[in-house]
Amino acid sequence: MSNDAAPRRALNPWVKFALELGPLALFFLANARPAWFHPLVGGLLPEGLAPEKAGMLTATSVLMIAAVAAVAVSWALTRRVAIVPVVTAVMVLIFGALTLWLQDKTFIEIKLTIIYCLFGGALLGSMAFGRLLLPVMLDMAIRLDRAGWRKLTLRWGLFFFGLAALNEVLRQVLTWDQWVAFKTFGVLPMTMIFAVAQTPLILRHETKSDAFAGEM
C-alpha cells in the first residue's frame, strides 16, 4: 500500500482572488444600493429599519452571507479551507450579528481590528515558540530557510498590527461610507502590494527543502 499523500488541490489564483474580492465588492454595493439586496437579506434585517441605517445593516447582512459562501466554494473546489478565510468568516458572523442586533456600526468596524490583531499575535507568538504558522495562515507553497521564515513572519506580523492600528484611526475619523470604501478598496490592495514587496526576501532565502517541513 502506497504511503504517498493525496495530491493537494490548488485553487486557481483568479478564483482565489474572486473569492477574496467578491464579498468586499458585494459589501460596498449593498451599502450603496441596499434596495437591490432586500429580497435576499430582508429576513435578517430588523423591522422598522430607519432609512439612514438601511445601507449599513443591509451591507453587513450581505457580507455575512458572502463570507460563508466564499468558504463553502473554496471547500467545494479544493476539499480544504485555509485558516484565514474561516477565521474571517467566523468573526464576520459574530460581529455582523452584533451589528444587526444593536444596529451599531462599531461592531462591524472593530471586527477588522480584532481580526488583524489575532493574525499578528498568532504569527509573532508562534515565532516566539519556534513554530511555523505563516504558510498555513496565508496558504503558501514556498520553501524557505529558517532565517527567511523568521524575517517573513516578523514582517507579516507587524503588517497585520499596522493594519489594525490604521483601522482604529480611520474608523474614528471617517464617515461610514468612507470607511466602507477603505475596507473595500484599501485593505486588499495594500495587502497585495505588501505581499509582492516580500519577493526579494523570498528569493534570497528560498531553498529546495523547507527548514520547518518536519514541524508542520
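Note that this is a predicted model, so its numbers are computed, not measured.
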What are the two closest heavy atoms between R79 and A76, and how far apart are they? NH1-O, 2.9 Å
How many angstroms lie between atom CH2 of W149 and atom CZ of R131, to the nearest 0.5 angstrom? 13.5 Å
One should read off an interatomic distance between L24 CG and L188 CG, to the nearest 0.5 angstrom, of 6.5 Å
Between CG on residue L98 and CD1 on residue I94, distance to nearest 0.5 Å: 8.0 Å
Please tabulate, one pair per line, all N/O donor-acceptor pairs under 3.5 Å involving side-chain atoms of residues 86-93, not counting sequence neighbours.
from: T88; atom 1: OG1; to: V84; atom 2: O; distance (Å): 2.8

Only one of L144, L152, L154 forms a side chain to side chain contact (heavy atoms under 4.5 Å, CB included) with L134, so which one is it? L152
Following the transitive rule for hydrophobic clusters with a side-chain heavy-atom cut-off under 4.5 Å over Ile, Leu, Val, Met, Phe, Trp and Tyr, establish whether W101 and L45 coincide in one cluster. yes
Is L124 reachable from I114 through a run of I, L, V, M, F, W or Y residues, each pair having side-chain heavy atoms under 4.5 Å apart? no
Could you give the side-chain donor-acceptor pairs of residues 159-168 under 3.5 Å, partners two or more places apart or in another chain?
from: N167; atom 1: OD1; to: W179; atom 2: NE1; distance (Å): 2.8
from: N167; atom 1: ND2; to: E109; atom 2: O; distance (Å): 3.0
from: N167; atom 1: ND2; to: T113; atom 2: OG1; distance (Å): 2.7
from: E168; atom 1: OE1; to: R171; atom 2: NE; distance (Å): 3.4
from: E168; atom 1: OE1; to: R171; atom 2: NH2; distance (Å): 3.2
from: E168; atom 1: OE2; to: T113; atom 2: OG1; distance (Å): 2.7
from: E168; atom 1: OE2; to: R171; atom 2: NE; distance (Å): 2.7

Could you measure the distance from the CG atom of L26 to the CD1 atom of I65? Nearest 0.5 Å is fine. 10.0 Å
Assigning hydrophobic clusters by single linkage (Ile, Leu, Val, Met, Phe, Trp, Tyr; side-chain heavy-atom cutoff under 4.5 Å), is F182 placed with F95? yes
Would you compute the distance between atom CG of L19 and atom CG of L21 and round it to the nearest 0.5 angstrom? 10.0 Å
For P23 and A18, work out which heavy atoms get closest and say how close. CD-O, 4.2 Å
For residues R150 and H205, determine if any side-chain heavy atom of one lies less than 4.5 Å from a side-chain heavy atom of the other. no
Counterpart residues, ring pair (Phe, Tyr, Trp, His ring centres under 6.0 Å), relative to F107 (two or more places apart): none
Report the residues that fulfil side chain to side chain donor-acceptor pair (under 3.5 Å) with T191, sequence neighbours left out, ordered by chain and then residue number. none
According to a 4.5 Å side-chain heavy-atom criterion applied to Ile, Leu, Val, Met, Phe, Trp and Tyr, with indirect links allowed, do W36 and L44 form part of one hydrophobic cluster? yes
For R155, the side chain to side chain donor-acceptor pair (under 3.5 Å) test, sequence neighbours excluded, returns Q198
Hydrophobic cluster identity match, L133 and F194, side-chain contacts under 4.5 Å: yes
side-chain hydrogen bond (donor to acceptor under 3.5 Å, both in side chains) between D104 and T106, worked out: CA-CA 5 Å; D104 187 344; T106 300; 2.9 Å; yes
Which pairs would a plain distance check flag for residues 49-61, meaning a side-chain donor or acceptor within less than 3.5 Å of a matching protein atom at least two apart in sequence or in another chain?
from: K53; atom 1: NZ; to: Q103; atom 2: O; distance (Å): 3.2
from: T58; atom 1: OG1; to: H38; atom 2: NE2; distance (Å): 3.2
from: T58; atom 1: OG1; to: A54; atom 2: O; distance (Å): 2.6
from: T60; atom 1: OG1; to: M56; atom 2: O; distance (Å): 2.8
from: S61; atom 1: OG; to: L57; atom 2: O; distance (Å): 2.9

When rounded to the nearest 0.5 angstrom, what distance separates CG in L77 from CH2 in W75? 10.5 Å
Flag side-chain contact, heavy atom, 4.5 Å: F28 against F185: yes
Could you tell me whether the side chain of S126 and the main chain of A122 form a donor-acceptor pair under 3.5 Å? yes
Where is the tightest heavy-atom contact between L123 and G157, given as atom of each residue plus distance? CD1-N, 3.8 Å
With a 4.5 Å heavy-atom cut-off, do N31 and T184 have their side chains touching? no
Between K111 and T99, is there a side-chain heavy-atom distance shorter than 4.5 Å? no
